[in-house]
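What follows is a single structure, written as structure tokens, with notes after it.
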Amino acid sequence: MGLVQLLKSQFLSQLIICYVFLVSGLIVNLLQLCTLPLWLVSKQLARRINIRLGYCISSQMVAALEWWSGTECTLYTDPKSYPLYGNENAIVVLNHSFEIDFLCGWTFCERFGVLGSSKVLAKKELSYVPVIGWMWYFLEIVFCKRKWEEDRRTVAQSLQNLRDYPENYWFLLYCEGTRLTPKKHQISMQVAESKGLPKLKYHLLPRTKGFWVTVQNLRGAAAAVYDSTLNFRNNEMPTLLGILNGKKYHADLYVRRIPLELIPEDEAECAAWLHKLYQEKDSFQEHYTQTGRFPGPIVSPPRRPWALINWLFWCCLLLYLLGLLLTQLISSGSMLTILASLAFCSTVSLGVRWMIGQTEIDRGSNHETCNKKLRQD
């Protein structure tokens, strides 16, 4: 292990990263709160400002993946579709097999300049969570209460509100509803057998209602569905803790652009179309397992420097202020203030460990339960 890698793996380094993320996130949340009066004057200007403020938070996690851990991302896609990425609204359908697949989705957004405006489907409770949840609230993320009769209306209305969004965005969907595990896969395939649906080897049975609602309400606003299948080389199962430890991974992402007008409008036909899509996704994963690559040509979108610049800005600012505070504490010699500072650091550490725990593979992601309810067949 080299010196740099040794430093990355130290708990102090991870604590510093988490301190910068949490404190900068709360500062950004406060700035977002200050934009509330602006929504009454100019909704579109308020949106544009919040896109950039949101980017200040989400890009730090992308910077940790791309620059701290050095994770590589290889894109397999049609060169004819490549120029359209980032220049149109799209619904991105992702497989849900890894702890950091959401982060790889964000990286995909970042490479094409739509990270600040990207959307997901999340449960309503998350809108009250500091940093990420509050950021999502101001970015008009689509929230649901896991009650289909209510969500049918509120989710549709939230999607309709995005039709006049001032900048290009991607709406990220995990149609499987929950992360793939052997137990969940077994149950899912039992459901497939009972419904006479083809069994899948590498995916769970997709839930169709949420997909249909999303497609129907974004017709005319979104141009296409980006069918995206993610895998990691050498059968690695990356974790967020591994990223914080500076461990390098290599992600391969296969993306197909499917014009939205090719997706049926009828709900039953749309459901059948989605099931067929997942059969094709399964064949792509089988191809990857056998050959170590996805079909089609490789296009490597370059890393943009803005995530790193934003991260370095917050690191320099907040570590400087922290250094001043620690200097004053040490010079004061007050045991009470020193103990209070240690308690604060411990609280930050526990909070971050809890956040990391929410991404573990045996847990549902923060918006999975909501997705599951919305996608019930």
Side-chain angles (χ1 to χ4, degrees), residues 29 32-33 35-36 38-40 42-55 57-58 88-94 96 102 105-106 109 114-177 206-226 260 263 265 267 270 274 364-376:
N29 287 161
Q32 289 182 304
L33 188 63
T35 67
L36 280 176
L38 186 58
W39 287 85
L40 302 176
S42 175
K43 178 181 178 181
Q44 299 297 57
L45 178 58
R47 282 172 155 178
R48 292 181 186 276
I49 292 174
N50 276 284
I51 286 172
R52 282 143 189 85
L53 289 174
Y55 181 83
I57 297 176
S58 55
E88 62 183 1
N89 297 336
I91 301 167
V92 182
V93 176
L94 293 153
H96 211 0
F102 78 96
W106 280 8
C109 294
V114 294
L115 177 60
S117 56
S118 64
K119 313 295 177 190
V120 296
L121 183 65
K123 61 181 181 180
K124 180 65 177 178
E125 291 83 354
L126 277 179
S127 64
Y128 307 113
V129 176
V131 186
I132 294 292
W134 293 352
M135 172 192 75
W136 277 354
Y137 176 82
F138 284 96
L139 288 178
E140 299 172 85
I141 294 298
V142 179
F143 292 104
C144 65
K145 297 180 179 179
R146 297 176 291 176
K147 297 179 181 178
W148 172 241
E149 292 306 317
E150 293 184 37
D151 292 332
R152 181 194 294 270
R153 181 182 66 258
T154 57
V155 170
Q157 182 59 54
S158 296
L159 290 166
Q160 285 290 323
N161 291 339
L162 299 178
R163 298 184 66 85
D164 65 341
Y165 209 71
E167 299 189 16
N168 292 324
Y169 62 86
W170 291 353
F171 194 92
L172 278 58
L173 279 178
Y174 297 95
C175 294
E176 292 167 272
R207 313 283 179 164
T208 61
K209 284 191 179 294
F211 177 78
W212 176 74
V213 168
T214 301
V215 169
Q216 287 301 98
N217 284 281
L218 292 183
R219 286 188 185 275
V225 166
Y226 296 166
L260 208 65
I263 302 175
E265 294 191 29
E267 183 175 358
C270 182
L274 185 62
S365 67
N366 287 331
H367 52 277
E368 283 164 2
T369 306
C370 175
N371 284 350
K372 186 180 295 185
K373 292 290 184 181
L374 279 176
R375 290 170 174 78
Q376 289 293 337

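- A donor-acceptor pair under 3.5 Å links the side-chain atoms of Gln44 to the main chain of Asp164, judged by distance alone.
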Show your reasoning for whether side chain to side chain contact (heavy atoms under 4.5 Å, CB included) applies to Ile132 and Leu126. CA-CA 8 Å; Ile132 294 292; Leu126 277 179; over 6 Å; no

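- Looking only at side-chain heavy atoms (C-beta outward), Lys119 and Val142 stay at 4.5 Å or farther from each other.
- Using a 4.5 Å heavy-atom threshold, the side chains of Phe138 and Thr35 count as touching.
- In this structure, CG on Leu121 lies 11.5 Å from OH on Tyr174, to the nearest 0.5 angstrom.
- Inspection of the Ser117 and Asn168 side chains reveals no N or O donor paired with an N or O acceptor under 3.5 Å.
- Counting heavy atoms from C-beta outward, Leu173 and Leu94 have side chains that stay 4.5 Å or more apart.
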Kindly list each side-chain donor-acceptor pair under 3.5 angstrom involving residues 219-226, sequence neighbours excluded, with atom names and distances?
residue : atom : partner : partner atom : Å
Arg219  : NE   : Gln216  : OE1          : 2.8
Arg219  : NH1  : Leu260  : O            : 3.3
Arg219  : NH2  : Gln216  : OE1          : 3.4
Arg219  : NH2  : Ile263  : O            : 2.7
Arg219  : NH2  : Pro264  : O            : 3.1
Tyr226  : OH   : Glu88   : OE2          : 2.5

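- Contacts of Tyr165 classified as ring-ring contact (aromatic ring centres under 6.0 Å, His included), with partners at least two apart in sequence or in another chain: Tyr169.
- Minimum interatomic distance between Val120 and Ile141 (heavy atoms only, all atoms of both residues): O-CG2, 3.2 Å.
- For the pair Phe211/Cys270, a side-chain contact is recorded, criterion being any heavy-atom separation below 4.5 Å from C-beta on.
- A distance of 5.5 Å separates CD in Gln32 from CG in Asn29, rounded to the nearest 0.5 Å.
- Counting heavy atoms from C-beta outward, Ser118 and Leu139 have side chains that stay 4.5 Å or more apart.
- Nearest heavy atoms, Trp39 versus Glu140: CH2-OE2, 3.7 Å.
- Remark: Arg52 engages Glu167 in a salt bridge (charged side-chain N to carboxylate O under 4.0 Å, His left out) (not counting sequence neighbours).
- Taking 4.5 Å as the limit, some side-chain heavy atom of Gln157 sits within range of a side-chain heavy atom of Asn161.
- Taking the side chain as every heavy atom from C-beta outward, Arg207 and Glu176 never approach each other to under 4.5 Å.
- Interatomic distance, Thr214 OG1 to Phe171 CZ, rounded to the nearest 0.5 Å: 5.0 Å.
- Salt bridge present: Glu267 and Lys209 bring a charged side-chain N and a carboxylate O closer than 4.0 Å.
- Asn89 pairs by the side-chain hydrogen bond (donor to acceptor under 3.5 Å, both in side chains) definition with nothing, not counting sequence neighbours.
- Between the CD1 atom in Ile57 and the CH2 atom in Trp136 there is a gap of 11.0 Å [rounded to 0.5 Å].
- The ring-ring contact (aromatic ring centres under 6.0 Å, His included) test applied to Trp106 returns Phe102, not counting sequence neighbours.
- Atom OG of Ser127 sits about 12.5 Å away from atom CE of Met135, to the nearest 0.5 Å.
- Asn217 pairs by the side-chain hydrogen bond (donor to acceptor under 3.5 Å, both in side chains) definition with Gln160, not counting sequence neighbours.
- Checked by atom type and distance alone, the side chain of Trp212 pairs as donor or acceptor with a backbone atom of Glu265 at under 3.5 Å.
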